[in-house]
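I have placed the structure first, in the form of structure tokens, so that the comments after it can refer back to it.
The structure presented is a predicted model; accordingly, all values stated were derived computationally and were not measured. One-based numbering, in listed order, for ligands and for the atoms of each.
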Amino acid sequence: MIYITGDCHGDYRRFSTENFPEQKKMTREDFVIVCGDFGYWDHSKEQEWQRKWLSEKPFTLLWVDGNHENYDMLAELPVEDWHGGKIQHIRENVIHLMRGQVYELDGIRLFAFGGARSHDIHGGILDPDDPDFRRKYRTLRRAGAWFRVNHVSWWKEEMPDEAEFEEGRRNLERAGWQVDFIVTHCTASSTQVLAGGPLYQPDALTDYLEEIRQKCRYRKWFFGHYHDNRNVTEKDLMLYEQIIRIV
Ligand SMILES: [Fe+2]
């Protein structure tokens, strides 16, 4: 079985047995995929407790990264090979699917590519090393501005680099540009237009995903980031709290 859902932002209540009773029939050979903004933020007691709770689930939880993850913490984790692609273990059954990887899961071929540009940063990004940091922080706080702090609530790695783009192309080339499922956080530029009209601006990542969309044959493409559950086309599905079964 493979289930899939959208952004969690560190809130995993949807995976309780009460909200997701299907897990009673699942084993670690069955998967639940999160389309980014999983909520890998810090080593706080609360987050450690949540990760322990997830580690006791009967299924294997797979997630691509979103724009809100702690990329400094992710960089500390070893990279391993798993089902044909690179991953990082958060717990034995909680696995980070890395950008540009193709995985084979029980005859299903899946392409993963996380990351997205943050929309909620109109107030700017503050640098904690800035001598004027405290004053700027207070001013923005008081103004109710949408801002973030570098290495605390924002990381430049939310956007992929050229090496990651190339890695994706190389792995798709090896897969003959044909997969069953694509799992990302944001989506291709043209899908974004269909999803939100002029609300969302294209960027280097959505343009890259557009290139993938044009070139790669796929059955379904699942993405998060836009905080809604909607079939944008027959093949392109936006997910948020809904958990749907795909295999
Ligand atoms: Fe999100």
### Query
In Asp7, what N, O or S atom is nearest to the Fe ion (ligand 1), if we give its atom name?
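Output for this pair reads OD2.
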### Which N, O or S atom of Asp37 lies nearest to the Fe ion (ligand 1), by name
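Nearest N/O/S atom of Asp37: OD2.
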### Message
Regarding Gln101 and Glu167, do their side chains bring together a donor and an acceptor under 3.5 Å, going by distance alone?
### Response
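Gln101 vs Glu167: donor-acceptor pair found between side chains.
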### Query
Can you tell me if Asp37 and Tyr240 form a side-chain donor-acceptor pair at under 3.5 Å?
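Per modelled atom types, Asp37 and Tyr240 side chains form no pair under 3.5 Å.
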### Task
Mind reading off the angle at the Fe ion (ligand 1) between the NE2 atom of His227 and the NE2 atom of His9, rounded to 10°?
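For NE2 of His227 and NE2 of His9, the angle centred on the Fe ion (ligand 1) reads 90°.
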### Task
Could you please spell out the steps behind the ring-ring contact (aromatic ring centres under 6.0 Å, His included) verdict for Tyr226 and Tyr200?
CA-CA 9 Å; Tyr226 307 92; Tyr200 307 115; 4.7 Å; yes
### Query
Closest heavy-atom contact between Gly36 and Glu69?
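Minimum heavy-atom contact is C-OE2, 4.0 Å.
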